[in-house]
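Down below is the structure, laid out as structure tokens.
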Amino acid sequence: MSGLDGLDNWSAKVRLMQENWIGKSRGLQFGFERCDGGEAIEVYTTRPDTLMGASFVGISPDHPIAKELEKSSPEVAAFVAECRKGGTTEEAIETAEKLGYDTGIRVKHPLNPDWELPVWIANFILMDYGTGAIFACPAHDQRDLDFCRKYDLPVLNAFFMPDDAAPVANEALVPAKSEKVRWVDHFAGLTEATGEEAINATVDFAEQAGWGEGVTKFRLRDWGLSRQRYWGCPIPVVHCADCGVVPEKKENLPIALPYDEDGKAIDFSVPGNPLDRHPSWRNCASPACGKPAQRETDTMDTFVDSSWYFARFTAPHAETPTDLEEAAYWMNVDQYIGGVEHAILHLLYSRFFARAMNICGHLPDSAKEPFDALFTQGMVTHAIYKSTENVFHKDTDWNSNDSNARLPAYSKSTYYYPEEVELRDGRAFLKEGGAEVTVIPSAKMSKSKNNVVDPLSIISAYGADTARWFVLSDSPPERHGEWTASGPEAAYKHLNRVWKLCDKIAAMEPGAAGQGDEELLREMHKAIRDVTLGVESFGFNASIARLYAFTNALAKSKAGQAAQKQAIMVLAQLMSPMTPHLSEDIWAHQGGTGLITTAPWPVADEAMLVEASVTLPIQINGKRLGEITGAADLDKAEVEKLALAHEAVQKALNGGAPKKVIVVPGRIVNVVA
RNA sequence: GCGGGCGUGAUGGAAUGGUAGACAUACCAGACUUAAAAUCUGUUGGGCCUUGUGCCCGUGUGGGUUCGAGUCCCACCGCCCGCACCA
């Protein structure tokens with residue numbers, strides 16, 4: 001978690017998602033002594049400062065005490081069963097009613113042995129977080145408050161806002177921990193203090209008094225590593241009748257999956273794991289006693305591989321997992337590009353693996369954080385075309401007076417492929433039959449919704465260059481991009497235009513003169529600057545827009561042969577990251593040396609970026625009213641003079657003097673009247 | 001509920017606090033053609049009239065900072081994403 005702080009070139013979103021996932025919290029753990037002398041009930045709380053507002057102690061339906069009671073009391077058994085019936089979906093959880101059952105057990109308040117609190121089983125308490133038991137402070141927790149109002153349990157303020165002494169009614173008082181509040185009776189001696197100060201004081205107080213302990217908890221979920229499937233690395237453990245579960249000997253590693261040599265050994269046609277049914281693969285010798293034993297047939301989750309493949313790539317042929325020297329040379333990954341869907345699992349596991357491999361000596365210290373920079377790209381989306389048909393029960397009585405009797409039994413959706421659909425005026429109709437279908441725009445591609453586009457069909461129709469050009473051109477890479485039929489068509493059209501332009505220039509008379517050489521070359525250098533900047537900052541769509549503009553300028557140019565040739569070759573270079581094949585062809589067609597891939601990236605000539613004359617817009621009180629044209633190297637005073645002489649400015653000033661004139665060189669002039 | 005992000009033409013989207021709408025799509029018009037496709041050229045934010053090198057409005061809404069705000073700040077509305085009875 002602390003490592004996240006150093007990942008400056010990761011998006012804040014992903015860092016935050018990981019932080020939330022790890023879910024670190026600091027609180028107090030302590031036991032409530034039972035009045036009946038039974039074992040104390042351990043609770044964990046992040047708000048120990050509200051202990052004087054305690055109303056009851058709650059335990060999870062899965063808590064050992066609840067399980068014990070379940071055995072002897074049918075009533076408890078019925079209640080616990082009711083709790084477990086509840087849905088596990090988010091919606092079900094959100095809308096589920098708070099349910100409680102008073103166990104009859106009483107506990108002593110740690111700060112006042114005469115104060116007894118009831119112990120309730122409550123359906124909203126989770127066994128797998130903290131200790132599975134809480135103390136409820138209804139005045140300062142909405143969930144506890146709802147529960148207490150329902151079951152008529154006391155509600156006591158532990159604190160008030162400094163200027164408001166109204167006790168809590170139906171809305172819990174939950175100010176930010178950094179806000180100062182007035183304490184009713186804070187045992188550690190506080191009167192006015194923030195929640196944060198009070199929490200720290202309470203933990204210190206409890207630790208000194210010896211009845212509680214400050215602890216840190218994490219919400220991080222377990223990662224179940226094994227999978228009951230064939231595709232994955234076998235888990236190298238052996239089951240021996242005599243020795244139990246034994247790790248495989250190191251010299252036998254790695255344990256490889258069996259190959260399907262006769263086409264029968266690996267059988268996916270029946271459910272289950274083919275490794276279980278393999279005739280011989282399971283059989284081996286016990287690494288401990290040498291007697292016949294059997295291999296584990298569960299395999300590892302594929303996340304295991306994806307967590308360290310980048311490290312293996314630094315030395316793919318090494319006998320050991322990595323070669324430390326090679327790893328030190330190649331690591332880290334300079335720029336990682338992936339979807340947001342990997343924000344938590346893959347990218348968290350990889351960071352964990354890198355640390356583990358560092359401890360085992362497989363990665364250098366410098367590679368503990370394996371990915372220097374992370375860019376999360378969006379998905380390519382596509383519209384869904386569907387029709388919905390109401391299906392009625394076959395016994396529907398169409399003559400019934402009761403409209404409910406004529407309701408459809410269910411509705412059936414049919415999804416159509418884009419090529420089955422014709423678009424007119426933003427509406428979609430089936431080519432066959434002409435029926436209108438519903439359009440759901442910008443949906444994640446999914447085979448079941450028939451809205452996937454096969455890259456191979458695009459590549460065979462237009463070529464890979466077109467596909468790449470379009471995908472990069474339409475929207476910024478971090479956003480989702482909609483795949484439309486017209487998109488690749490337009491890209492294809494443009495690339496053809498570039499090729500024709502190349503042909504035209506190649507056919508020019510060598511050394512032929514023309515007009516506007518310098519203008520074209522200035523455009524070229526500006527394009528070099530802008531495209532380079534765009535590519536370096538992941539602004540591919542802006543780079544491509546700039547390339548369109550430069551192509552248009554070149555197509556219109558009447559410049560001489562040498563300048564045009566230079567321009568088209570630079571254009572090809574600037575395009576080469578997106579359209580490597582076309583660029584290579586243009587390069588060869590124009591007689592370029594070697595491959596365009598290995599040619600040095602063009603560098604913009606600063607001198608060519610400076611315009612000889614500039615047009616400056618003139619604003620009066622921030623409103624644009626005209627413009628002036630002058631030499632680029634005019635100083636501020638001269639620009640001011642020109643601006644004040646402007647007709648619109650004269651009119652606005654009406655003979656008076658301007659209050660202020662702001663000149664931003666090369667940008668704008670603003671006259672404050 | 002908590003946290004994060006985003007709102008710009010018909011559409012995808014440009015715009016280091018400095019001429020909003022680059023570039024493209026779509027639409028419309030024109031050229032070429034017997035015709036269509038392809039190709040090329042041009043127009044297109046909205047409104048108004050006096051058709052001009054014209055005026056007014058315009059980046060979700062309302063305020064603020066600034067000579068100047070799509071951009072910064074505050075509040076609200078809407079949409080999207082992540083986590084979620086986490087004590």
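Below, all heavy atoms of this structure are taken into account, side chains as well, without hydrogens, waters or symmetry copies. Letters A, B, ... mirror the listed sequences (proteins, then strands); counts begin at 1.
- At whole-Å resolution of the value, CD1 in A:Ile22 and P in B:C2 are 23 Å apart.
- Between A:Trp21 and A:Ile125, the one whose closest nucleotide on RNA chain B sits nearer the 5' end is A:Trp21.
- Base contact: A:Ile662 has a heavy atom under 4.0 Å from a base atom.
- Applying the 4.0 Å criterion to OP1 and OP2 of B:C86, one finds that A:Arg143 has a side-chain N or O inside that range.
- Computed from coordinates, the A:Tyr129 OH to B:C83 P distance equals 17 Å when rounded to whole Å.
- Within a 6.0 Å sphere centred on CZ of A:Phe218, other residues, nucleotides and ligands contribute more than 12 heavy atoms.
- At the heavy-atom level, A:Arg546 lies nowhere under 4.0 Å from the strands shown.
- The OG1 atom of A:Thr202 sits 11.0 Å away from atom CD of A:Glu197, with the distance rounded to the nearest 0.5 Å.
- Between A:Glu519 and A:Arg522 no salt bridge is recorded (no basic side-chain N to carboxylate O distance below 4.0 Å).
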* Asked: Dot-bracket, RNA chain B: Watson-Crick or G-U, under 3.5 angstrom, [ ] crossing, | other strand?
  -> (((((((..(((.....[....)))(.((((.......)))).)(((((..).))))..(((((..]....))))))))))))....
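- When the side-chain nitrogen and oxygen atoms of A:Asn552 are compared with OP1 and OP2 of B:A22, none of them lie within a distance under 4.0 Å.
- Taking atom P in both B:A69 and B:G78, one finds a spacing of 28 Å when rounded to whole Å.
- Summarising the geometry, the separation between CG on A:Asp474 and P on B:A14 is reported as 10 Å, rounded to the nearest angstrom.
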* List the steps and the verdict of salt bridge (charged side-chain N to carboxylate O under 4.0 Å, His left out) for A:Glu523 and A:Lys526. => CA-CA 5 Å; A:Glu523 273 304 309; A:Lys526 277 195 271 179; 3.5 Å; yes
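- Backbone-only engagement by A:Lys493 is indicated by non-hydrogen atom pairs under 4.0 Å involving sugar-phosphate atoms exclusively.
- For the pair A:Asn541 and B:A14, the criterion of a side-chain N or O lying under 4.0 Å from OP1 or OP2 is met.
- As rounded to the nearest Å, B:U8 and B:G70 have P atoms that lie 14 Å from one another.
- The environment of NZ in A:Lys217 is crowded: more than 12 heavy-atom neighbours from other residues, nucleotides or ligands sit within 6.0 Å.
- For the C1' atoms, the distance linking B:G21 with B:A10 amounts to 14 Å, nearest Å.
- Nucleotides B:G17 and B:G64 place their C1' atoms 16 Å apart, quoted to the nearest Å.
- Backbone-only engagement by A:Ala490 is indicated by non-hydrogen atom pairs under 4.0 Å involving sugar-phosphate atoms exclusively.
- Of the inter-residue distances, the one linking A:Leu374 atom CG with A:Arg15 atom CZ reads 10.0 Å to the nearest 0.5 angstrom.
- The number of heavy atoms from other shown groups lying within 6.0 Å of NZ (A:Lys24) does not exceed 12.
- Not one side-chain nitrogen or oxygen of A:Tyr548 sits closer than 4.0 Å to the OP1 or OP2 atom of B:A24.
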* To do: Applying side-chain contact (heavy atoms from CB on, under 4.5 Å), run through A:Val649 and A:Ile620 and close with a yes or a no.
  => CA-CA 7 Å; A:Val649 176; A:Ile620 292 160; 4.0 Å; yes
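- By the 6.0 Å and 45° rule, A:Lys98 stacks over the aromatic ring of A:Phe124.
- In this structure, B:G70 is classed as anti because its glycosidic torsion departs from zero by more than 90°.
- With rounding to whole Å, A:Leu495 atom CG is found 17 Å from B:A38 atom C1'.
- Of the residues near RNA chain B, A:Ala549 and A:His480, the one whose nearest nucleotide (by heavy atom distance) lies more toward the 5' end is A:His480.
- Among the protein residues, A:Leu616 comes within range of no part of the nucleic acid, since none of its heavy atoms lies under 4.0 Å from any strand.
- Residue A:Lys623 places at least one side-chain N or O under 4.0 Å from the OP1 or OP2 atom of B:C57.
- Using a 4.0 Å heavy-atom cutoff across all strands shown, A:Val664 reaches at least one base atom of the nucleic acid.
- If you check distances only, the side chain of A:Asn670 does reach the base of B:C67 with a donor-acceptor pair under 3.5 Å.
- Side-chain N/O atoms of A:Lys98 and base N/O atoms of B:C85 include a donor-acceptor pair closer than 3.5 Å.
- The same atom, C1', is picked in B:G63 and in B:U25; the two are 37 Å apart, to the nearest Å.
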